[in-house]
Participant: 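This is the structure I have questions about; it appears just below.
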There are 2 protein chains.
Amino acid sequence: MPQSSNPIAATFAPHDHQECAHRALDEAAARLAEQGARLTPVRRRTLEILLESHRALGAYEVLDRLAAEGFGRQPPVAYRALEFLVSHGMVHRLQRLNAFTACLHPGDDHHPAFLICRSCDKVAEAAGVPIRDSLTEIAGRGGFQVERATIEAVGLCATCAAGGAE
Amino acid sequence: MPQSSNPIAATFAPHDHQECAHRALDEAAARLAEQGARLTPVRRRTLEILLESHRALGAYEVLDRLAAEGFGRQPPVAYRALEFLVSHGMVHRLQRLNAFTACLHPGDDHHPAFLICRSCDKVAEAAGVPIRDSLTEIAGRGGFQVERATIEAVGLCATCAAGGAE
DNA sequence: GCACCAAAAGTTATCTTATCACATTCGGGT
DNA sequence: ACCCGAATGTGATAAGATAACTTTTGGTGC
Ligand SMILES: [Zn+2]
Ligand SMILES: [Zn+2]
Ligand SMILES: [Zn+2]
Ligand SMILES: [Zn+2]
């Protein structure tokens, strides 16, 4: 993730994104190698496409890009690559958007909360643990065992709030 | 909501659902009247269908029911009724399921967290405020202003955990 | 009652998102 | 070279959602 005190602010603020994306890709490659999972060309390219920005892309946006680069042009091409990356923790799916975003720190807390800026469309990952704890506690009092949680917020990032459409 | 100490447990446990549904419908009708909004036949029937169980139904499931009862059989019929009910707080949309569930206490905390049982498919509403507070706090430290939040958990309810598939 | 208007309901068509089923290719192990 | 399972490619189709337009309904002013 970008270099800054706060990873959320860092995601939305201008930053050396080349470095940011490159780092996430390297880390993903390393983790997949560890797990003995194959980062094939389509899969690698899919991850690179998602890493080009901090936005979330729909499966068909990804597919168009892949098709234009010589990969297959049928939906399963994109969906399979995305599913592979999601199941290995390299990409997250955003339920509110029906879209996918690259994980910036695969391996860490893999159950983040997502902050989606309605102005610039960027997505940041926030620490999900405290929020999940709160949810687990409330659910637990009703006898409900939480297994997976979706936590997604829509709002305005600091950069956009500052008027920053530049 | 069902009569019990804990509203979450009460939703999943067997209860006098007639009473439960009837109450929610009356309350919805009263609130809509207050607001000067019209609870037309399709809208009313849509709400009744959702209130038949604590499950979430897809728009097309609702549509099939409506069509079978003499209402229109085109998707907008269901989507419009559902959108009306959602925008007036009588129904909630579950992002994870692409489905809709009736609100059991319209007017209260209208930003609940949802607990979805993977075994019985029932959905309960939990107090969303403490969880949202936690989310707002974490986001705020990164300069992000939360406007709307989606909080949905999948897991196992107490009744199902107790082996209760009866 | 009647003309009028806006809201609601109906209908056709289309768009977006996602999955199925099956054929082909690729890559490692023998 | 042969085998086998994983990965990829393709055509078809399912599932979810909306756009655009017409008709009906229900209330308002006359
Ligand atoms: Zn970056
Ligand atoms: Zn922004
Ligand atoms: Zn009930
Ligand atoms: Zn259950």
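In the text below, chain A, chain B and the rest are named by the order of the sequence lines, each starting its count at 1.
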Participant: CG of A:Leu97 versus P of D:dG16: gap in Å, rounded?
Facilitator: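 These atoms are roughly 19 Å apart.
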Participant: Once you round it to whole Å, what is the distance between C1' of D:dA17 and CZ of B:Arg73?
Facilitator: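 Atom-to-atom, B:Arg73 to D:dA17, this comes out as 19 Å.
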Participant: In this structure, how many angstroms lie between the P atom of D:dA17 and the CG atom of B:Leu82, rounded?
Facilitator: 10 Å
Participant: Does B:Tyr79 lie flat on the base of D:dT18, that is, centres under 5.5 Å apart and planes under 30° off?
Facilitator: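 No, B:Tyr79 does not stack on the base of D:dT18.
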Participant: Could you please name the option among C:dA9, D:dG16, D:dG9 that lies closest to any side-chain atom of B:Asn98?
Facilitator: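 Minimum distance to the B:Asn98 side chain belongs to D:dG16.
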Participant: Provide, to the nearest angstrom, the distance between the CZ atom belonging to A:Arg93 and the C1' atom belonging to C:dT19.
Facilitator: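 It is 11 Å, rounded to the nearest whole Å.
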Participant: So, A:Arg65 and A:Glu61, do they make that salt bridge, N to O below 4.0 Å?
Facilitator: no
Participant: Would you kindly give the CG-to-C1' distance between B:Leu66 and C:dA8, to the nearest whole Å?
Facilitator: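 Going from B:Leu66 (CG) to C:dA8 (C1'), I get 15 Å.
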Participant: What's the closest nucleotide to the B:Gln74 side chain, out of C:dT19, D:dT18, C:dT12?
Facilitator: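 Nearest to the side-chain atoms of B:Gln74, counting from C-beta on, is C:dT12.
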Participant: Quick check: on DNA chain D, is the nucleotide nearest A:Arg80 upstream (toward 5') of the one nearest B:Arg80, or the reverse? Name the residue that is more 5'.
Facilitator: A:Arg80
Participant: Report yes or no: does A:His17 contribute a side-chain atom to a donor-acceptor pair with the main-chain N or O of A:Leu51 at less than 3.5 Å?
Facilitator: yes
Participant: Begin with the C-alpha distance, continue with both residues' side-chain angles, and end with the deciding distance and a verdict on side-chain contact (heavy atoms from CB on, under 4.5 Å) for B:Leu156 and B:Cys117.
Facilitator: CA-CA 5 Å; B:Leu156 204 56; B:Cys117 178; 4.2 Å; yes
Participant: Establish, for the pair A:Arg93 and A:Phe100, whether the NZ or CZ atom is under 6.0 angstrom from the six-membered ring centre and no further than 45 degrees off its axis.
Facilitator: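 Ring-cation test returns no.
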Participant: Which residues, if any, of residues 30-51 of chain B bring a heavy atom under 4.0 Å of DNA chain C?
Facilitator: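 Correct list: B:Arg38, B:Thr40, B:Val42, B:Arg43.
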Participant: Please determine if B:Arg80 and B:Glu83 form a salt bridge, counting it only when a charged side-chain N lies under 4.0 Å from a carboxylate O.
Facilitator: no
Participant: Nearest whole Å is fine: how far is D:dG16 P from B:Glu83 CD?
Facilitator: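 Whole-Å distance recorded here is 18 Å.
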Participant: Between C:dG10, C:dA18, C:dT19, which one does the side chain of A:Phe100 approach most closely?
Facilitator: C:dA18
Participant: Distance check needed: C:dA18 P versus B:Arg96 CZ, whole Å only.
Facilitator: 13 Å
Participant: Would you call A:Arg23 and A:Glu27 a salt bridge, taking side-chain N to carboxylate O under 4.0 Å as the test?
Facilitator: no
Participant: Check this for me: does the side-chain of B:Tyr60 come within 3.5 Å of the base of D:dA17 through a donor and an acceptor?
Facilitator: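 Checked by distance alone, the answer is yes.
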Participant: Would you mind telling me which of C:dA18, D:dA17, D:dT10 lies closest to the side-chain atoms of B:Pro75?
Facilitator: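 Minimum distance to the B:Pro75 side chain belongs to D:dA17.
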Participant: Could you walk me through whether B:His15 and B:His54 pass the side-chain hydrogen bond (donor to acceptor under 3.5 Å, both in side chains) check?
Facilitator: CA-CA 11 Å; B:His15 60 273; B:His54 289 280; 3.1 Å; yes
Participant: Over how many whole Å does the gap from A:His88 atom NE2 to D:dA6 atom P extend?
Facilitator: 12 Å
Participant: Take A:Phe84 and A:Pro76, find for each the nucleotide of DNA chain D with the closest heavy atom, and name the residue whose nucleotide sits nearer the 5' end.
Facilitator: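 Looking at the nearest nucleotide for each, A:Phe84 comes out on the 5' side.
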